[in-house]
Amino acid sequence: MSSLRMTSDLRRQLILGAAKRCFARHGYTGTTTKSVAAAAAISEALLFKHFPSKAALYAEILSDECEADPALTDLLERKPSTATLVELTRGMVQHFLHIADGPDQEEAQRLRLMATSHLDDGEFARLLYAKIEKLIGAVFLASLERAVAAGDARPFSGDPLNLFWFAHHTVMTAALTRLPAAPCLAYGKAGDLERQLCEFLLRGIGLNDAAIASHLGQDQAAGADKTAIAESA
């Protein structure tokens, strides 16, 4: 049984490796499950036993890339606390606001794909949201609980994970306005926008002004060059 599982795991990794090459060469739209199967030297039917769709393949690749990011790994390994909650929020804001600045526009294309998925069948968005929750959800919730216990945040009602999604969707929408060559909305200086967004989101999550001032600090310059990613699309 264990040898069968190892064989299945190895085949899955081979499929992912072939898919990465195909997506890198042809992009998401130009890649098909048939071409991935051919690159992996397997049948399309066998590919579907491991990944039910092209969207599932792509979401898995993005998840692997996030998990391999050393800055995110370091952040997720921190002890849950108010400081960790603030850094998760700051990292998410910095990631999204700098998507349009990427030299290869790969992240920008992923954000466009995410937006398109919401207007289409939603499959890719659902898959990616599930992977983001699995990766970050527990750390966010534990840090929020610690912030409440420390008196840094007000007690929450309803599903506390919704607070993460509200923050995520807010900053993702802000990022969408910056994708066109001529931004849809001029927010002002990037540094000012980062701080304003961080403060807005942290207040929405429930942190009080004293905690925000203490943990966010008066100057974000020290964290401006960090690339910790709270999610990849």
Side-chain angles (χ1 to χ4, degrees), residues 19-32 53-69 71-72 75 87-133 135-136 140 162-202 204-205 220-221 223-233:
K20 288 178 183 178
R21 295 192 297 273
C22 291
F23 286 128
R25 182 175 301 174
H26 305 292
Y28 182 83
T29 303
T31 297
T32 64
S53 66
K54 181 172 73 170
L57 257 174
Y58 197 60
E60 186 73 17
I61 289 171
L62 294 186
S63 177
D64 286 349
E65 289 179 0
C66 284
E67 292 181 8
D69 182 82
L72 180 59
L75 186 56
E87 287 306 310
L88 277 172
T89 304
R90 191 206 307 260
M92 181 166 61
V93 168
Q94 290 177 346
H95 168 69
F96 273 107
L97 290 189
H98 290 292
I99 281 178
D101 303 330
D104 59 5
Q105 292 295 294
E106 184 176 356
E107 287 289 345
Q109 292 301 325
R110 290 174 178 174
L111 183 55
R112 288 187 175 91
L113 175 60
M114 191 69 166
T116 300
S117 179
H118 285 82
L119 300 174
D120 195 4
D121 61 7
E123 181 190 15
F124 176 69
R126 282 192 297 272
L127 289 166
L128 198 55
Y129 285 143
K131 291 184 179 300
I132 292 169
E133 180 177 339
L135 186 64
I136 301 172
F140 176 87
N162 281 345
L163 298 176
F164 171 77
W165 290 124
F166 295 157
H168 179 279
H169 299 337
T170 298
V171 72
M172 183 171 70
T173 302
L176 285 172
T177 69
R178 298 160 64 88
L179 283 185
C184 304
L185 182 64
Y187 280 108
K189 296 180 180 178
D192 293 340
L193 178 57
E194 283 185 17
R195 181 166 186 86
Q196 284 182 316
L197 261 175
C198 284
E199 291 178 346
F200 179 81
L201 298 179
L202 290 170
I205 289 170
Q220 286 186 266
D225 295 329
K226 294 181 180 178
T227 58
I229 300 175
E231 62 76 55
S232 191

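- Listed here is the closest heavy atom pair of A19 and L57: CB-CD2, 3.8 Å.
- For T116, the side-chain contact (heavy atoms from CB on, under 4.5 Å) criterion is met by no residue, not counting sequence neighbours.
- Atoms CH2 and CD, on W165 and E133 in that order, are 6.0 Å from each other to the nearest 0.5 Å.
- Sorted by first and then second residue, the salt bridge (Lys or Arg N to Asp or Glu O under 4.0 Å) pairs involving residues 116-131 (not counting sequence neighbours) are E60-K131.
- Two residues are said to be in side-chain contact when any heavy atoms from C-beta on lie closer than 4.5 Å; F200 and T170 meet this criterion.
- The closest side-chain donor-acceptor pair between H98 and E194 falls under 3.5 angstrom.
- Residue P180 comes nearest to C184 through the heavy atom pair CG-SG, 3.7 Å, listed as atom of the first residue, atom of the second, then distance.
- Distance check, rounded to the nearest 0.5 Å: CZ of R178 to CG of L111 gives 11.5 Å.
- T89 contributes atom OG1, which lies 11.0 Å from atom CG of L197 (distance to the nearest 0.5 angstrom).
- Contact annotation: the side chain of L62 never approaches that of F23 to less than 4.5 Å [non-hydrogen atoms, C-beta and beyond].
- By the ring-ring contact (aromatic ring centres under 6.0 Å, His included) test, H118 is found to be paired with Y129, residues two or more places apart in sequence or in another chain being considered.
- Looking at heavy atoms from C-beta onward, T31 lies out of side-chain contact with Y58 at the 4.5 angstrom threshold.
- Residues that satisfy the side-chain contact (heavy atoms from CB on, under 4.5 Å) test with A130, not counting sequence neighbours, are absent from this structure.
- Qualifying salt bridge (charged side-chain N to carboxylate O under 4.0 Å, His left out) partners for K20, counting only residues two or more places apart in sequence or in other chains: none.
- Rounding to the nearest 0.5 Å gives a distance of 10.5 Å between CE of M92 and CE of M172.
- Ring pair H168/F164 is tilted by interplanar angle, where 30° to 60° counts as tilted.
- With rounding to the nearest 0.5 angstrom, the OG1 atom of T29 is 11.5 Å from the CZ atom of R112.
- Residues L97 and A174 come closest through the heavy atom pair CD2-CB, 4.5 Å.
- Listed by chain and number, the residues in a side chain to side chain donor-acceptor pair (under 3.5 Å) with Y28 amount to none (sequence neighbours excluded).
- A donor-acceptor distance shorter than 3.5 angstrom exists from the side chain of T173 to the backbone of H169, with no hydrogens or angles considered.
- Looking at every heavy atom in both residues, A59 comes nearest to L127 through CB-CB, 3.9 Å.
- The heavy-atom pair separating F124 from S117 by the smallest distance is N-OG, 3.4 Å.
- Note that CG of L176 and CG of L185 are 12.0 Å apart. Values are rounded to the nearest 0.5 Å.
- Nearest heavy atoms, G204 versus L163: O-CD2, 4.0 Å.
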